[in-house]
Amino acid sequence: MPSVVNNLNHQELPLIEVIDLTFRYNRVEVLSDINLVVHKGDFLALIGPNGAGKTTLIKLLLGLLRPHRGKIKLFQRDLKEFKDWALIGYIPQKAIHFESFFPISVREAVALNLPQARWYDFWTKKINEREVVKALETVGMQDYIEERIGHLSGGQQQRVFIARALVSRPQILILDEPTTGVDAITQEKFYDLLAHLNQEKGLTIIIVTHEIGVVNRHVNKVACLNRSLVYHGTHAEFCQSDYFRQILDEGHHLIGHKH
Amino acid sequence: METVWSIFHYGFFQRALLAGLSVGISCALLGVFLILRKAAMIGHGLAHVSFAGVAIGLSLGWLPLLSALFFTVITAGVLVKIRQKTGLYSDTVIALVSSFGFALGILLVSLSQRINVELFSYLFGDILTISSLEVIVSILLALSLVIIIIVYFREFLYTTFDPEAAQVAGISGDKVELLLTVLSGITVVLGMKVVGILLVVSLMVIPAASALRIARTFRQALLGAVVFSLGEIFIGLCLSFWLDIPAAAAIVLLSFGLYILIVLLTKRSAQ
């Protein structure tokens, strides 16, 4: 078996560094000795079978869970001391699973993530309007600013959630299975948008996905997780790896969650 | 000559109206958040707890409003901590706490010789006997709640809409949950005299549920819930006086009727 970490020599300091990370849930080891680095401009796909610990790893990166052992550094700072959460945009797996009757407009949803917003900004329309509109323009949703989110299609809702993440001007965007339940054409448009944000805007992206086709078309780094890190390297080498061949041979290894 | 408008000249009716409308504002605002957080029954659970608080006050000769306020707020805090520490569903914790509160209340009532008909005014509401102190406390609570919701609008809405993303944005969902539950406890205690322990949850749920059927934005939902609540309490109180029927029943049945009407109208417009 080839080395787990392949050809990741970078001159720059990493934006995210995971060092010997282990996490246990109810005494069961969910993640073991994970070592992972993410550099500026990376478009990293985090793939693996159901129960591999992908979402757990994301939650550890975001400080939503505490590791049992090991260390996480964000922007060269220890996670425990990291405070600039506006630098990280996050779209949870459950983001689009809200009640359809939830009365929240696109404007309100995007403005929620304005870190510099003060309490009275939410009661005046004009303040921060420019930031909200700009984020919506980036994802092509500016014409829907007054719409109730529940009235939008799944693909449109995902774009609004990206706008919400972008409004805080993050350097890293983390998406946890963002296209679950979205049709193939919408998925394709969605990943084109992510590729645009990565290539044109220089946004570093980490995406948890089951869609191996996406991995092939858009990302430049791949991390395969199955409780431990099975593969971590460039996309080009991933395509030559034993793990990729195994996935192609046994396609059932990557099965999306059923929601 | 007495007219239908004469009631507005009576001091007891003015007090009832002021307290009712103030409690109505508080209940409606909290109700929108509680429904969307799938914790609508928290008002019902805390109302049962407040029954024990009233029983403690009546049996020890303390002011029932204050003993209920103290006991309910403490229990509200404990309820949140239990849920957060054990990971139990909200409805399970509410069922646990409400049954404990009601059982304790029943025990105290049966042991005490001093409890009289006053207990019934808390169980079923007696808005026309509301005191000036209760009116002032209700107005102050409503004002405080409006200010808190305006100032912490982002925190309340973000943790309700997407708790995980809110936490990443640095907002503590646990603190917001604690604040909302404690405020619900205070509101429930003040709502006891308006519609009674057994019906106070209706003031939280029905106007908010009506507003949620028609609102497009969150601010519209909050405003709509307040407007429905104020209208229903005002008309309910007047009907109660004019038709000589219990105020609590008049308010709740009117609210329920309006909710059904809105459901039918919005269903038709959706088709």
Side-chain angles (χ1 to χ4, degrees), chain A residues 26 55 58-59 61-65 82-109 111-125 128 145-151 160-161 164-165 167-168 170 172 174 176, chain B residues 28-29 31-40 86-87 146-174 176 208-225 228 259 262-263 266-267 269-270:
Chain A
N26 285 345
T55 298
I58 294 297
K59 287 186 176 178
L61 292 179
L62 295 165
L64 300 175
L65 295 173
F82 186 76
K83 299 272 185 254
D84 293 332
W85 289 105
L87 293 173
I88 298 176
Y90 173 52
I91 302 169
Q93 196 178 4
K94 290 178 185 165
I96 63 164
H97 298 291
F98 60 90
E99 299 290 345
S100 61
F101 66 85
F102 202 112
I104 186 166
S105 66
V106 169
R107 179 200 302 277
E108 285 174 324
L112 283 177
N113 210 37
L114 277 166
Q116 70 277 26
R118 280 170 288 195
W119 65 267
Y120 47 82
D121 292 350
F122 290 92
W123 302 95
T124 54
K125 266 191 178 178
N128 292 317
I145 192 163
E146 300 298 346
E147 279 294 319
R148 181 164 154 167
I149 292 195
H151 290 166
V160 172
F161 288 119
R164 186 185 72 184
V167 82
S168 70
I172 302 172
I174 298 178
D176 190 357
Chain B
L29 291 173
V32 173
F33 289 103
L34 294 178
I35 288 177
L36 293 171
R37 296 168 86 97
K38 299 186 181 72
T86 60
V146 169
I147 292 168
I148 288 171
I149 286 176
I150 288 173
V151 173
Y152 293 105
F153 181 74
R154 177 181 178 233
E155 286 78 0
F156 280 24
L157 179 53
Y158 210 170
T159 53
T160 305
F161 182 57
D162 192 340
E164 221 170 80
Q167 203 174 338
V168 173
I171 301 169
S172 167
D174 287 356
V176 172
S210 300
L212 287 171
R213 295 285 308 187
I214 53 176
R216 278 178 57 193
T217 69
F218 202 77
R219 277 174 292 190
Q220 281 177 13
L222 291 175
L223 191 67
F228 280 126
Y259 174 72
I262 289 169
V263 169
T266 49
K267 202 174 175 185
S269 65

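Below, chain A is the first sequence line, B the second, and so on; all start at residue 1.
Taking NZ of A:K59 as the reference point, atom CD1 of A:I174 lies at 13.0 Å (rounded to 0.5 Å).
Remark: B:Y152 OH is loosely packed, at most 12 non-hydrogen atoms of other residues, nucleotides or ligands lying under 6.0 Å away.
The contact between B:Y158 and chain A is made by backbone and side chain atoms together, counting heavy-atom distances below 4.5 Å.
When atom types are taken as modelled, the side chain of A:R107 and the backbone of A:E146 share no donor-acceptor pair closer than 3.5 angstrom.
B:F33 and B:F156 have perpendicular rings, their planes meeting at more than 60° on a 0 to 90° scale where under 30° would count as parallel.
For chain B, the option among A:V106, A:L62, A:L112 with the highest count of heavy-atom pairs below 4.5 Å is A:L112. Interface check for chain B: of the options A:A111, A:S105, A:A86, the most heavy-atom pairs under 4.5 Å are formed by A:S105.
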